[in-house]
Peer 1: 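Below is the structure I would like to discuss, written out as structure tokens.
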Amino acid sequence: MIKDQLTEAVTEALSALGVDPVPDTMVVERPARREHGDWSTNAALVSSKAAGRNPRELARELVDHLDTPRPPHVEAMEIAGPGFVNFRLAPTWLHDVLVEVVEKGEGDFTRLNLGRGKTVNIEFVSANPTGPIHAGGGRWGAYGDSLARVMARCGYRPHKEFYINDRGRQTVLFGQSLEARRNGEEPPDGGYAGAYIEEWAAEMPDGADPVAWGIERSLADARQVLESMNVTFDTWSSERALVESGVEADVLDRLKQSGLVYERDGATWLRTTEFGDNDDRVLVKSDGDYTYFTPDIAYHLDKYNRGELLIDILGSDHHGYAPRMRAALRALGKPEDSYEVIIGQFVRLVRHGQEVKMSKRAGNIVEIRDLVDEVGPDVARFAYLLQSIDSPQTLDIDVLSAEAAENPVYYVQYANARIHSLGEEAVKRGVERLPLDQVDLSRLDHERELELLRQLSLLPEVLELACNDRAPHKITTWVRELAATFHGFYRDCPVLRSDVEPELQQARLWLAEGARIGLAIGLDLLGVSAPESM
RNA sequence: GCCCCCGUAGCUCAGUGGAUAGAGCGUCGGUUUCCUAAACCGUGCGUCGCAGGUUCGAUUCCUGCCGGGGGCGCCA
């Protein structure tokens, strides 16, 4: 890969100039502006101190050194600004990218090995099974599932997990609410009052245990709607089953061995402050019951059977929970970096220009189902993945539905549809794509063609960032830009028109194939379909 | 009071230690004798919330403040 070749060349040159080791802030990167070349390095800037020379002077020497022999594809090097070295490459480097893309295909192009086979347990959604999942929960679903896809492509082995809180007060209240409705009564104080309670109560068979039936009903609903958005889980873990197996006592014993457990006011506490929590936490209440915390610790311990690294994706309303779990796992001897918490910010829904306030118990929720039914699974999923999980998100339902045609997901899918239609048209016109090694890719020299190739060449860097930053939305940004460069190419560079020379036509057909592969990879990582016609 | 996240163009949001800060939508105007106009092209005088600090260089890192969201139970 060109980046590695350039990095190696720069590193060698620096060490020949007495800079060894090379500062780890040294990068070879793509400059933001085209005028600054195809690639550039800050090597002279970050090494000037070690070299005892001013940056531009060092840059000069660096360039002289790199000139004999020049790294592959390099046509010119320039010193710019405070001491950047910019590399101007022949378009051949981009033609090589296309060869790599089509030879490796959507299965292997940009398959990284950052994870080296490490297993990762990713827990997300985990909504209480007391009703349908609201539209906010869809964000965790889309995010978690896509993060798993991104990590899988980067050499991790993810295991997706949904934790079911099928025990405790909320489930009891939920069951009572169902039963009350079934008997035509009002739900109990603090119970659930949504319209779905009435619908579900009517479905409930005679003699069913309302709690157990209600939980199953909720889970079936969650599973179905999440699957419609292409969000799936490898394991659905039941808190009740865990508790019934009696693991809490084991966990308590193990925690006691850490010496961080103590009794106070009749309760049993864990000294989580030892590991940075604000307060110590109760494990066993003074009435003898476990708090929710204890089975949760047991659950996390159990998850280590399904992952060396644990990732919890939580809504920002649970962020206070992270320090205590981190502390508990450290008390149990788990390495600090084996547990990661990702805090997702909330989704605000807007309809008719007004925010839709949601409360499950009051019953005025917007379900994911409503959203998916209204705008379709691809639109919903793409919308969730449009921005960083750190940012509060505003989804305007009217914009997503009424203006569906201008939705960014269609823009991307349309690019794919155009490529397929190009293929069909080629068949109609009797044009066959020759084997790649018989095609002269150097014919690709139009700015639109080069832009498209540049965008494709960016995927490895983007994927690595998306993985390391746990930021699948970076894939969304990239695939939108890929679609944009394709549309530009499609507009200005006819492929099958009769006035296009056969050699150029062949090269362009392969370029379209490269774009198709890029779109397929990107959309797959996002869990969004790539329709062949629209 | 303490903790987490956010504050970038009219709106929704990318970007984040570098060289003139971007996209979509919206506005206005243009583009089609053969490959899908769900497209393309042009059109934006933004104190990157404010003030300090670190740095050769800060929208990006640190501190404080202001504004918004969320959280601070022997609830889950």
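Keep in mind the model is a prediction, meaning the values are calculated, not measured.
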Peer 1: From C5(B), C35(B), C13(B), pick the nucleotide closest to the side chain of Q387(A)?
Peer 2: C13(B)

Peer 1: Determine the interatomic distance between P on U47(B) and the same-named atom on U8(B); round to the nearest Å.
Peer 2: 11 Å

Peer 1: Take the protein atom CG of D396(A) and the nucleotide atom C1' of C11(B), then report the distance between them rounded to whole Å.
Peer 2: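 In whole Å, C11(B) C1' lies 10 Å from D396(A) CG.
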
Peer 1: Closest-nucleotide mapping onto RNA chain B: is R491(A) or T477(A) further toward the 5' terminus? I mean the 5' end.
Peer 2: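 It is T477(A), whose closest nucleotide lies nearer the 5' terminus.
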
Peer 1: C6(B) P sits how many Å from I342(A) CD1, rounded?
Peer 2: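 It is 14 Å, rounded to the nearest whole Å.
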
Peer 1: I want to check one thing: is the phosphate of A14(B), taken as OP1 and OP2, less than 4.0 Å away from some side-chain N or O of T476(A)?
Peer 2: no

Peer 1: Under the side chain to side chain contact (heavy atoms under 4.5 Å, CB included) rule, collect the residues that match up with E451(A), sequence neighbours excluded.
Peer 2: R34(A), E447(A), R454(A), T485(A)

Peer 1: With rounding to whole Å, what would you report as the distance between A51(B) and A76(B) at their P atoms?
Peer 2: 47 Å

Peer 1: G42(B) and C4(B): how far apart are their P atoms, nearest whole angstrom?
Peer 2: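 After rounding to an integer number of Å, I get 44 Å for this pair.
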
Peer 1: I'd like to know if the side chain of D265(A) reaches the main chain of A267(A), judged simply by a donor and an acceptor atom lying under 3.5 Å from each other, with no hydrogens or angles considered.
Peer 2: no

Peer 1: Which part of the nucleic acid, if any, lies within contact of D289(A), taking any heavy atom under 4.0 Å across all strands shown: a base, the sugar-phosphate backbone alone, or nothing?
Peer 2: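 Here D289(A) touches no strand at all.
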
Peer 1: Could you measure between the two C1' atoms, the one in C48(B) and the one in G17(B), and give it in whole Å?
Peer 2: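 So the two C1' atoms sit 15 Å from each other.
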
Peer 1: For S48(A), answer base if it contacts any base atom (sugar-phosphate contacts may also be present), sugar-phosphate if it contacts only those atoms, and nothing otherwise; contact means non-hydrogen atoms under 4.0 Å.
Peer 2: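 Since no nucleic acid heavy atom lies under 4.0 Å of S48(A), the category is nothing.
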
Peer 1: Please work out if K428(A) contacts a base, only the sugar-phosphate, or nothing of the nucleic acid, heavy-atom cut-off 4.0 Å.
Peer 2: nothing

Peer 1: Under 4.0 Å between a side-chain N or O of Y410(A) and OP1 or OP2 of A37(B)?
Peer 2: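 For A37(B), OP1/OP2 do not have a side-chain N/O of Y410(A) under 4.0 Å.
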
Peer 1: Keeping to residues at least two apart or across chains, list the side-chain hydrogen bond (donor to acceptor under 3.5 Å, both in side chains) pairs with something in residues 311-324 of chain A.
Peer 2: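 Matches after skipping sequence neighbours: Y292(A)-R324(A), D296(A)-Y321(A), H300(A)-D312(A), K303(A)-D312(A), D312(A)-Y339(A).
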
Peer 1: Side-chain N or O of H473(A) versus OP1/OP2 of G15(B): is the shortest distance under 4.0 Å?
Peer 2: yes

Peer 1: RNA chain B: stems of at least 3 consecutive Watson-Crick or G-U pairs, cut-off 3.5 Å?
Peer 2: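 Looking at RNA chain B, the stems formed by three or more consecutive pairs are B:1-7 with B:66-72, B:10-13 with B:22-25, B:28-31 with B:39-42, B:49-53 with B:61-65.
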
Peer 1: Can you list the residues that meet the side chain to side chain donor-acceptor pair (under 3.5 Å) rule with R53(A), with sequence neighbours excluded?
Peer 2: E61(A)

Peer 1: What are the two closest non-hydrogen atoms of G514(A) and L98(A), and how far apart are they?
Peer 2: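 So the minimum-distance heavy-atom pair works out to CA-CD1, 3.9 Å.
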
Peer 1: Kindly state each residue pair satisfying salt bridge (charged side-chain N to carboxylate O under 4.0 Å, His left out) with at least one member in residues 493-512 of chain A, sequence neighbours excluded.
Peer 2: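 Every salt bridge (charged side-chain N to carboxylate O under 4.0 Å, His left out) pair that includes a residue of residues 493-512 of chain A, provided the two are not neighbours, is R443(A)-E501(A), E449(A)-R508(A), R497(A)-D499(A).
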
Peer 1: Classify E532(A) by what it touches in the nucleic acid, base, sugar-phosphate, or nothing, heavy-atom distance under 4.0 Å.
Peer 2: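 Touches a base.
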
Peer 1: Whether the side chain of N128(A) engages the backbone of T130(A) through a donor-acceptor N/O pair (distance < 3.5 Å, no angle test) should be reported.
Peer 2: no

Peer 1: Given atom CD1 of I343(A) and atom P of C6(B), what is their separation to the nearest angstrom?
Peer 2: 12 Å

Peer 1: Would you confirm whether Q506(A), through its side chain, and L434(A), through its main-chain N or O, come within 3.5 Å as a donor-acceptor pair?
Peer 2: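 Looks like yes, one N/O pair under 3.5 Å.
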
Peer 1: How would you list, by chain and number, every residue that makes a side chain to side chain contact (heavy atoms under 4.5 Å, CB included) with R480(A), sequence neighbours excluded?
Peer 2: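 Side chain to side chain contact (heavy atoms under 4.5 Å, CB included) check on R480(A) returns F382(A), L386(A), P408(A), V412(A), T476(A).
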
Peer 1: Which part of the nucleic acid does P494(A) contact within heavy-atom distance under 4.0 Å: base, sugar-phosphate only, or nothing?
Peer 2: base

Peer 1: Given atom CG of L422(A) and atom C1' of C34(B), what is their separation to the nearest angstrom?
Peer 2: 13 Å

Peer 1: Quick test: give all pairs of protein nitrogen or oxygen and nucleotides 71-76 of chain B nitrogen or oxygen below 3.5 Å, distance rounded to 0.1 Å.
Peer 2:
unit_1	atom_1	unit_2	atom_2	d
C74(B)	O2	S286(A)	N	2.7
C74(B)	O2	S286(A)	OG	3.0
C74(B)	N3	S286(A)	OG	3.3
C74(B)	N4	D265(A)	O	3.1
C75(B)	OP2	K285(A)	NZ	2.9
A76(B)	OP2	Y292(A)	N	3.1
A76(B)	N6	Y292(A)	OH	3.1
A76(B)	N3	H318(A)	NE2	3.4

Peer 1: Taking 4.0 angstrom as the limit, do E340(A) and R470(A) come out as a salt bridge?
Peer 2: yes

Peer 1: Mind checking side chain to side chain contact (heavy atoms under 4.5 Å, CB included) for P23(A) and listing every partner two or more places apart, or none if nothing turns up?
Peer 2: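 Here the qualifying residues are V19(A), T25(A), V46(A), S47(A).
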
Peer 1: Starting at CG of N407(A) and ending at C1' of C13(B), how long is that distance when rounded to a whole Å?
Peer 2: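 Distance check: N407(A) CG to C13(B) C1' gives 14 Å.
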
Peer 1: What's the CZ-C1' distance between R56(A) and C56(B), to the nearest Å?
Peer 2: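 My rounded result for the distance is 13 Å.
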
Peer 1: Around E336(A), counting heavy atoms of other residues, nucleotides and ligands shown, do more than 12 lie under 6.0 Å from its CD?
Peer 2: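 Open.
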
Peer 1: Rounded to whole angstroms, how far apart are CD on Q393(A) and P on C5(B)?
Peer 2: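 Computing the Q393(A):CD to C5(B):P distance gives 18 Å.
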
Peer 1: Could you pull out the protein-nucleic contacts involving nucleotides 18-22 of chain B (nitrogen or oxygen on both sides, under 3.5 Å)?
Peer 2:
unit_1	atom_1	unit_2	atom_2	d
A19(B)	N6	S40(A)	OG	3.2
A19(B)	N6	N86(A)	OD1	3.4
A19(B)	N1	N86(A)	OD1	3.2
A19(B)	N1	N86(A)	ND2	3.2
U20(B)	O2	R33(A)	NH2	3.3
U20(B)	N3	R33(A)	NH2	3.3
U20(B)	O4	E35(A)	OE1	3.0
G22(B)	OP1	R33(A)	NH1	3.2

Peer 1: Rounding to an integer number of Å, can you tell me how far D492(A) CG sits from C41(B) P?
Peer 2: 7 Å

Peer 1: With sequence neighbours left out, write down each residue that passes side chain to side chain contact (heavy atoms under 4.5 Å, CB included) with E239(A), or none if nothing qualifies.
Peer 2: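 Side chain to side chain contact (heavy atoms under 4.5 Å, CB included) check on E239(A) returns Y163(A), N165(A), D166(A), R167(A), V243(A), P295(A).
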
Peer 1: Going by salt bridge (charged side-chain N to carboxylate O under 4.0 Å, His left out), name the pairs with one or both residues in residues 422-432 of chain A, residues two or more places apart or in two chains.
Peer 2: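 Residue pairs with at least one partner in residues 422-432 of chain A: E425(A)-K428(A), E425(A)-R429(A).
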
Peer 1: Using a 4.0 Å cut-off on heavy atoms, which residues in residues 446-470 of chain A reach RNA chain B? List them by number, or say none.
Peer 2: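 Going residue by residue through residues 446-470 of chain A, the ones with a heavy atom under 4.0 Å of RNA chain B turn out to be R448(A).
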
Peer 1: For nucleotides U32(B) and A21(B), find the distance between their C1' atoms and express it as a whole number of Å.
Peer 2: 35 Å

Peer 1: Can R281(A) be said to sit on top of W269(A)'s aromatic six-ring, NZ or CZ under 6.0 Å from centre and within 45° of the ring axis?
Peer 2: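 Pair R281(A)/W269(A) does not count as cation-pi.
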
Peer 1: So, does the side chain of R429(A) form a donor-acceptor pair with the base of C34(B) at under 3.5 Å?
Peer 2: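 When only heavy-atom distances are counted, R429(A) does reach the base of C34(B) through a donor-acceptor pair under 3.5 Å.
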
Peer 1: Would you mind classifying the nucleic acid contact of Q345(A) as base, sugar-phosphate or nothing, using non-hydrogen atoms under 4.0 angstrom?
Peer 2: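 Here Q345(A) touches the bases of the nucleic acid.
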
Peer 1: With a non-hydrogen cut-off below 4.0 angstrom, is S391(A) in contact with a base, only sugar-phosphate, or nothing?
Peer 2: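 Counting heavy atoms under 4.0 Å across all strands, the contact made by S391(A) is with sugar-phosphate only.
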
Peer 1: Between A38(B), A39(B), C6(B), which one does the side chain of H487(A) approach most closely?
Peer 2: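 For H487(A), the side-chain atoms sit closest to A39(B).
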
Peer 1: Answer yes if the ring centres of F124(A) and W140(A) are under 6.0 angstrom apart, and no otherwise.
Peer 2: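 When the ring centroids of F124(A) and W140(A) are compared, they turn out to be at least 6.0 Å apart.
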
Peer 1: Under 4.0 Å, counting only non-hydrogen atoms across every strand here, what does S421(A) touch: a base, just sugar-phosphate, or nothing?
Peer 2: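 Base contact.
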
